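In what follows, chains are A, B, ... by sequence order, proteins preceding strands, each numbered from 1. A quick note: this is a predicted structure, and the numbers were derived from the prediction, not measured. Side-chain atoms are counted along with the backbone in the values below, which use heavy atoms only and exclude waters and symmetry mates.
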2 protein chains.
Amino acid sequence: MTEMKPYGTVLIKAAKIMDYLEAQPDQSLQTIAKATNMTASTTIKILDTLVMIGYVQKDKDKTYRLGAKLIRYANKSIEQIDLAEITLPYLEELQKTIDETIHLGILNDNEILYINKLEPKNQTIRMSSKVGITRPLYNSAMGKAVLAEFSAEEVGQYLATHTLVPYTENTITNPLRLAKELDVVRETGVAYDDEEVESDIFCTGVSLKKAAQIVGAFSVSMPKYRLTKESKQLINEALLQTKQTIEKMLA
Amino acid sequence: MTEMKPYGTVLIKAAKIMDYLEAQPDQSLQTIAKATNMTASTTIKILDTLVMIGYVQKDKDKTYRLGAKLIRYANKSIEQIDLAEITLPYLEELQKTIDETIHLGILNDNEILYINKLEPKNQTIRMSSKVGITRPLYNSAMGKAVLAEFSAEEVGQYLATHTLVPYTENTITNPLRLAKELDVVRETGVAYDDEEVESDIFCTGVSLKKAAQIVGAFSVSMPKYRLTKESKQLINEALLQTKQTIEKMLA
DNA sequence: GTTATAATTTCTTATATAGAAAAGGAGGGT
DNA sequence: ACCCTCCTTTTCTATATAAGAAATTATAAC
């Protein structure tokens, strides 16, 4: 057991505050201090500095929230993720075939982080989804596609540390049933989210790998009522075809 | 002259590194250290911590770039900006009238920061613009609309600290000419970007105020060739009408 | 006004940091 | 294969910084 050498204690504490504000905006000093197990005097000093550098914003009512500077960073961060750029033309092509919402995501902190979205051109239904949101691995289409690439050990580790919270009545909350479904995903290469995240929404996802490493996933989302046996088949084939093309580019 | 009390020195240094990586991705330790005037040993320790908390990503070739965690923060940050939520229905309404790209921006660090974008439904031309990008105050439509709300003193301060860099041959680089144009904006309430940021793109913008405070701006962007005397008039009226409606909501 | 509660500042000791220097890679040339 | 150079990483210690208790100031409720 090697002793961890701490460096940047304030930086780590600042990150703790940021993470808390990510989950709970508009909180008072007291609340933040309690939630992060720090004294008020330490907390206010860190918050002052965070406000100074634009990471946090302080409102007139003395509550704190995440700052606009982060929006700038994120824009650059996405630009710096090569995957978004490389995949874009192929996802656009895919959209010409399937006129539905297409998402690109990466694996981040055991969740799917959305980094690009292509909206349908001729459909009028708008789904609420945004770049920057996250979805669990166990119930989203992209998530399951990625989870299916995990080793048995990794899946076990994931299940041991994550509760399968029911988002809808369709959400799979039984680890064994999930494991079985992952077997099917491994066979077919395609993962579904059949109203497991949100009612009426059906998603189909595939993973993206580079040199045996998971680099991300992409998916097609649509209202369930538009799904037919034919469109399902078409989507599966188009996704697998696009996956193959993109992975050839990544190699 | 009250002496500034420093707190969170590492945090401030970390922000300096982040800002550098925002501008220059994929840099080596040496390069980052030199650019930020820090020793390599200090820099690597901060970078290690930044990587640990997900703000920075370290690649196999030992270069550093902004981390995906920032994309999560940004998503929440935008959600926490009430302006985006409040204005959305009105901007959607506006888009039904004018089928062009509509942007919402806020004033951030003397620039316009884009926080929402509504794309045209029936037009096929796609403009490259993203949430998170910034535009100068002196040449963008939203920027000029905001600048026109500055006091003479504030405008002077802005001009003293910012060079009017020519983005295109149409960009106004003469401070006096800009000042004159701002007078017109104050009269009409509407600001133009006539191919001053990008060739072939014409934008019309208005500011948003709450209790005499600038809170943001929004604009319509379109290819110049689509602009007619009639559409220009229509856009101006629709923008001013929408501005009025939104500001009534903000009050 | 009075009281209670929260925000902010001050001050001092314990702690973390900065940077020089040394050690440990990685790569290029011969 | 070996050396040499440049870059990354670790170690170590004087010095600067941070943490927290307590005092002070602001804010809100009554």
Side-chain angles (χ1 to χ4, degrees), chain A residues 1-67 80 211 213, chain B residues 1-67 80 211 213:
Chain A
M1 287 241 178
T2 43
E3 190 60 48
M4 250 272 289
K5 313 149 197 175
Y7 192 94
T9 54
V10 173
L11 185 47
I12 289 162
K13 283 177 189 177
K16 237 169 119 180
I17 292 176
M18 299 279 290
D19 285 347
Y20 177 67
L21 289 177
E22 181 190 358
Q24 303 287 334
D26 296 305
Q27 299 298 313
S28 69
L29 174 65
Q30 290 286 332
T31 314
I32 297 168
K34 268 171 203 152
T36 53
N37 284 311
M38 301 171 7
T39 62
S41 55
T42 296
T43 307
I44 198 174
K45 280 176 266 185
I46 294 174
L47 279 168
D48 276 351
T49 306
L50 283 171
V51 168
M52 200 188 79
I53 62 179
Y55 291 17
V56 164
Q57 185 183 333
K58 184 178 188 173
D59 292 345
K60 283 134 292 160
D61 62 350
K62 302 198 175 178
T63 61
Y64 299 84
R65 56 168 79 188
L66 295 179
Q80 293 174 21
Q213 285 282 311
Chain B
M1 287 241 179
T2 43
E3 189 60 49
M4 251 270 289
K5 312 146 196 176
Y7 192 94
T9 52
V10 172
L11 185 47
I12 290 162
K13 284 178 190 177
K16 236 169 120 181
I17 292 176
M18 299 280 289
D19 285 347
Y20 177 68
L21 288 177
E22 182 191 359
Q24 302 286 335
D26 296 305
Q27 299 299 312
S28 69
L29 174 66
Q30 288 286 330
T31 314
I32 298 168
K34 269 172 202 151
T36 52
N37 284 312
M38 300 173 3
T39 61
S41 55
T42 296
T43 307
I44 197 173
K45 279 174 267 186
I46 294 174
L47 279 169
D48 276 350
T49 306
L50 283 171
V51 168
M52 201 187 77
I53 60 179
Y55 291 16
V56 164
Q57 185 182 332
K58 183 179 188 172
D59 292 344
K60 283 135 291 159
D61 62 351
K62 303 196 175 178
T63 61
Y64 298 85
R65 55 169 79 188
L66 295 179
Q80 293 173 20
Q213 284 284 309

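- Listed pair B:Thr9 / C:dT17 fails the phosphate criterion, with no side-chain N or O lying under 4.0 Å from OP1 or OP2.
- Judged as a ring-ring contact (aromatic ring centres under 6.0 Å, His included), not a single pair has a partner in residues 30-54 of chain B (not counting sequence neighbours).
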_So if I define the base as every atom that isn't primed, P, OP1 or OP2, how would nucleotides 20-27 of chain D read as a B/S/- string at a heavy-atom cutoff under 4.0 Å?_
BB-----S
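- Taking side-chain N and O atoms only, A:Tyr7 has no distance below 4.0 Å to OP1 or OP2 of D:dT10.
- Taking A:Tyr55 as the reference, A:Tyr73 meet the ring-ring contact (aromatic ring centres under 6.0 Å, His included) condition, with sequence neighbours excluded.
- Contact record, A:Gly8 with B:Val10: CA-CG1, 3.9 Å, taken as the closest heavy-atom pair.
- Atom C1' of nucleotide C:dT9 and atom CD1 of A:Ile44 are separated by 9 Å, given to the nearest angstrom.
- Protein atom CG of B:Asp59 is 16 Å distant from nucleotide atom C1' of D:dT8, rounded to whole Å.
- The side chain of B:Lys34 contributes no N or O atom lying less than 4.0 Å from OP1 or OP2 of D:dC7.
- Comparing the local axis fitted to the first five base pairs of the helix from C:dG1-D:dC30 to C:dT30-D:dA1 with the one fitted to its last five gives a bend of 50°, rounded to 10°.
- Scanning both residues, A:Gln24 and A:Gln27, for their nearest heavy atoms gives O-CG, 3.2 Å.
- Annotation: side chain to side chain contact (heavy atoms under 4.5 Å, CB included) contacts of A:Ser41 (sequence neighbours excluded): A:Thr39, A:Lys45.
- For the pair B:Asp61 CG and D:dC7 P, the interatomic distance rounds to 15 Å; values are reported in whole Å.
- Sorted by first and then second residue, the salt bridge (Lys or Arg N to Asp or Glu O under 4.0 Å) pairs with a member in residues 58-67 of chain B read A:Asp82-B:Arg65, B:Asp26-B:Arg65, B:Asp59-B:Arg65; sequence neighbours excluded.
- The shortest distance between side-chain heavy atoms of A:Met18 and B:Ile53 does not fall below 4.5 Å.
- Near-neighbour residues of DNA chain C inside residues 16-33 of chain B, defined by a heavy atom below 4.0 Å, are absent.
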May I have the list of side-chain donor-acceptor pairs in residues 29-37 of chain A shorter than 3.5 Å, sequence neighbours left out?
residue, atom, partner, partner atom, Å
A:Thr31, OG1, A:Ser28, OG, 2.7
A:Thr36, OG1, A:Ile32, O, 2.6
A:Thr36, OG1, A:Ala33, O, 3.4

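- A residue-by-residue look at A:Tyr64 and A:Val10 shows that A:Tyr64 has its nearest nucleotide of DNA chain C further toward the 5' end.
- The ring-ring contact (aromatic ring centres under 6.0 Å, His included) analysis of residues 14-37 of chain B, with sequence neighbours excluded, yields no pairs.
- Residues satisfying the side chain to side chain contact (heavy atoms under 4.5 Å, CB included) criterion with A:Asp48, sequence neighbours excluded, are A:Ile44.
- Pairs passing the salt bridge (Lys or Arg N to Asp or Glu O under 4.0 Å) check and including a residue from residues 7-19 of chain B, sequence neighbours excluded, read A:Lys69-B:Asp19.
- Here D:dT8 presents its P atom at 9 Å from NZ of B:Lys58, a figure rounded to the nearest Å.
- Going from atom CG of B:Leu11 over to atom C1' of D:dA16 covers 17 Å, rounded to whole Å.
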